[in-house]
Amino acid sequence: MMMNNEKLLPRIYSIKNPDFDFGPARFLTPDEVQEVAKVLSKISKADLQTRFDPSALSVANVYPGIWKSGDDELEYLTYYYISLVKFFQEAAKCGDVVLFYYLDNNV
């Protein structure tokens, strides 16, 4: 069962600057960082692993396009998800904004 947190997640603001590989840099305000941290914190490692559907990720062409059916992909996803949760929790604790952009590693 998928949780629909779309309404809980804040709007992501675009910064007026030159586009990077996949569009402009974007940011979340400190209040929005706190919202994201709360939402991510509600999804445990066990929840993530239970919901893991490599076929759906492949069909949706979710980056990085490595989704097969093995344990390696789940381990990869879990590792980075836990890191992401910790990152947002720390940023929320410090009252930080989060600035991000996407790069094409193949360039």
Side-chain angles (χ1 to χ4, degrees):
M1 178 175 163
M2 294 291 291
M3 284 177 54
N4 185 354
N5 290 324
E6 195 170 294
K7 293 179 185 174
L8 298 175
L9 293 176
R11 178 174 169 230
I12 298 174
Y13 299 94
S14 179
I15 298 171
K16 293 186 180 192
N17 64 8
D19 281 353
F20 292 96
D21 294 339
F22 295 103
R26 301 179 186 279
F27 74 94
L28 299 173
T29 66
D31 288 341
E32 293 167 331
V33 170
Q34 288 188 4
E35 289 180 53
V36 171
K38 286 179 191 174
V39 170
L40 292 176
S41 295
K42 292 179 183 178
I43 303 170
S44 70
K45 178 180 173 181
D47 290 337
L48 181 72
Q49 292 173 337
T50 300
R51 295 176 186 179
F52 180 65
D53 183 347
S55 297
L57 293 169
S58 289
V59 168
N61 198 28
V62 173
Y63 179 86
I66 61 165
W67 313 113
K68 297 180 183 172
S69 59
D71 290 336
D72 290 342
E73 293 83 3
L74 180 55
E75 184 178 329
Y76 170 89
L77 179 64
T78 302
Y79 172 81
Y80 284 105
Y81 178 74
I82 290 169
S83 297
L84 182 70
V85 173
K86 288 178 183 177
F87 170 82
F88 271 96
Q89 288 172 336
E90 186 64 24
K93 177 180 163 187
C94 294
D96 290 341
V97 299
V98 170
L99 174 69
F100 56 99
Y101 62 94
Y102 303 100
L103 292 176
D104 183 353
N105 291 332
N106 295 319
V107 174

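Predicted model only: the values in this text are computed from it and were never measured.
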Are any side-chain N or O atoms of [X] and backbone N or O atoms of [Y], one a donor and one an acceptor, separated by less than 3.5 Å?
X: Tyr81; Y: Tyr76; value: no
X: Glu75; Y: Asp72; value: no
X: Trp67; Y: Val62; value: yes

side-chain contact (heavy atoms from CB on, under 4.5 Å) assessment of Val85 paired with Phe87: CA-CA 5 Å; Val85 173; Phe87 170 82; over 6 Å; no

Within this structure, what is the [atom1]-[atom2] distance for the pair [X] and [Y], rounded to the nearest 0.5 Å?
X: Phe27; Y: Leu99; atom1: CZ; atom2: CG; answer: 9.0 Å
X: Leu28; Y: Glu35; atom1: CG; atom2: CD; answer: 9.0 Å
X: Thr50; Y: Lys45; atom1: OG1; atom2: NZ; answer: 12.0 Å
X: Leu40; Y: Ile82; atom1: CG; atom2: CD1; answer: 12.0 Å

Check against side-chain contact (heavy atoms from CB on, under 4.5 Å), Thr78 and Leu48: CA-CA 7 Å; Thr78 302; Leu48 181 72; 4.2 Å; yes

Atom of Ala91, atom of Val98 and distance for their closest heavy-atom approach: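 For Ala91 and Val98, the tightest heavy-atom pair comes out as CB-CG2, 4.1 Å.
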
Please give me the minimum heavy-atom distance between Ser41 and Ala37, naming the atom from each residue.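 Reported closest heavy-atom pair: OG-O, 2.7 Å.
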
Could you walk me through whether Phe52 and Glu73 satisfy the side-chain contact (heavy atoms from CB on, under 4.5 Å) test, starting with their C-alpha distance in whole Å, then the side-chain angles of each, then the deciding distance to 0.1 Å, before giving a yes or no? CA-CA 9 Å; Phe52 180 65; Glu73 293 83 3; 3.9 Å; yes

Could you check whether Ser44 and Asp47, counting side-chain N and O atoms only, form a donor-acceptor pair closer than 3.5 Å? yes

